[in-house]
Structures are given as structure tokens and as C-alpha cells.
Student: 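Dropping the structure in here first, questions after.
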Amino acid sequence: MNDQIRRNLALFPIGIVQKLTDLTARQIRYYEQHQLVYPARTEGNQRLYSFNDVERLLEVKKLIEQGLNIAGIKTVLGTAKTASELLPISEKEQAKMVKEVKRDLSDRELRDLLKKEILHTHKPGLKGMQHNSFNAGDLSRFFH
DNA sequence: GTTCTGACA
DNA sequence: TGTCAGCA
């Protein structure tokens, strides 16, 4: 039996995963609802997680702690219909994606601002916006 | 004893 | 997200 298979064996019930990830059962189920993980089920419909699932959850946790919401996490980690479709993503790739997403969002935010300015050309209040200056290095600011 | 789904603050 | 209900 090779590692690939061993890592995908559904072994742990949610209680164990809670301890392994420091996430609450509520959170773990919530992330599943949003297709961030795909745990197997027993005949009794109880979730069983593999090592891969646990790793995946740790990635999710990391991004949550960075302030990203579900949409942002999906953008970085990607989605799949089944656990077997989940492709590992290196830290380097991840960092790269975060950077790209960050730039895209910055651009979008910029366009939105321009649009607003154009729409409100006759309104005097631009002071508020300038206060909303963006931190180019903070992705979470856009994915909240 | 544990987990599951649904629902509400 | 936390938490509670009512089951399996």
C-alpha cells in the first residue's frame, strides 16, 4: 500500500479532526457545506476524514486566520467535486495565487472607485474614499 | 458517548 | 460561529 492511497483513507470521525485541526465541528461541517473538503461517510452517515482532508482543513484554517472568507479560500485552494480530484498546491504556488488575486481585486476595487467617482462627479464628498486607502499587501481587506 | 441536520441569536 | 433540539 503506497502513501497516495494511505493519505486518502477515510479514517477519522469529526471529533478526532477537531483535535487535529483545532477547528470546531461547526466550522468543519461549514467548510464541507462550501465544498472545501469532501469527507467520506459511514453507513450511518457519519463523516470520516482522511489525512488529505485534515491537511486540506489546515490549509483552510490558515487562510481563515489570514482573514479570507470562503470565496477567497476557494480562489486560492481551488475546488473539486471529490477528494480524489483535489490537487496539492505548493506553498509557493499558493503565495503566487494570493498575490495575483490580490492584484485582481485591487484592480477591481480601483475600477469600482472610478465608477463611483464618475457617477458622483457633482458630489463633493470624496474625503471619505481617500480614507479608504487600500493596503496593497492585505488581501483580506478585499475578501471580507 | 458521539455525530447528524436544521434552525436561531 | 455558538448552541440547542431531537434523532440515529
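Chain A is the first sequence line, chain B the second, and so forth, proteins listed ahead of strands; every chain is numbered from 1.
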Student: Specify the separation, in whole Å, of atom CD1 of Ile16(A) and atom P of dT2(B).
Tutor: 10 Å

Student: Please confirm whether any donor atom in the side chain of Arg26(A) sits under 3.5 Å from an acceptor in the base of dT3(C), or the reverse.
Tutor: yes

Student: Show the numbers, then the answer: is there a side-chain contact (heavy atoms from CB on, under 4.5 Å) between Tyr31(A) and Leu23(A)?
Tutor: CA-CA 10 Å; Tyr31(A) 302 148; Leu23(A) 290 169; 4.1 Å; yes

Student: Looking at Pro39(A) and Asp53(A), what are the two nearest heavy atoms and their distance?
Tutor: CA-OD2, 3.8 Å

Student: Hey, is the side chain of Arg47(A) poking within less than 4.0 Å of OP1 or OP2 on dT3(B), counting only N and O atoms?
Tutor: no

Student: For dT5(B), does either OP1 or OP2 sit under 4.0 Å from a side-chain N or O belonging to Arg41(A)?
Tutor: yes

Student: What is the distance from atom CG of Leu48(A) to atom CD1 of Ile16(A), rounded to the nearest 0.5 Å?
Tutor: 11.0 Å

Student: Set out, in order, the CA-CA distance, both residues' side-chain angles and the distance that settles side-chain contact (heavy atoms from CB on, under 4.5 Å) for Ile14(A) and Arg29(A), then state yes or no.
Tutor: CA-CA 9 Å; Ile14(A) 200 166; Arg29(A) 297 190 185 110; 3.8 Å; yes

Student: When Watson-Crick pairs (N1 to N3 and N6-O4 or O6-N4) and G-U wobble pairs (N1-O2 and O6-N3) count only below 3.5 Å on both distances, what is the dot-bracket string of DNA chain C, with | for other-strand pairs?
Tutor: ||||||.|

Student: Go through Arg41(A) and Arg47(A) one step at a time and tell me if the side-chain contact (heavy atoms from CB on, under 4.5 Å) criterion holds.
Tutor: CA-CA 5 Å; Arg41(A) 296 280 183 145; Arg47(A) 274 166 268 249; 2.9 Å; yes

Student: Without decimals, in angstroms, what is the distance between Ile14(A) CD1 and dC4(B) C1'?
Tutor: 9 Å

Student: Give the rounded distance in Å between these two atoms: CD1 of Ile28(A) and P of dT3(B).
Tutor: 10 Å

Student: Under the side-chain contact (heavy atoms from CB on, under 4.5 Å) rule, what do Leu20(A) and Tyr49(A) come out as? Steps first, then yes or no, please.
Tutor: CA-CA 11 Å; Leu20(A) 259 34; Tyr49(A) 299 81; over 6 Å; no

Student: Specify the separation, in whole Å, of atom CZ of Arg29(A) and atom C1' of dT3(B).
Tutor: 6 Å

Student: Starting at the 5' end of DNA chain B and moving along, which residue's nearest nucleotide shows up first, Gln33(A) or Gln46(A)?
Tutor: Gln46(A)

Student: Which part of the nucleic acid, if any, lies within reach of Gly44(A) when heavy atoms closer than 4.0 Å are counted: base, sugar-phosphate only, or nothing?
Tutor: nothing

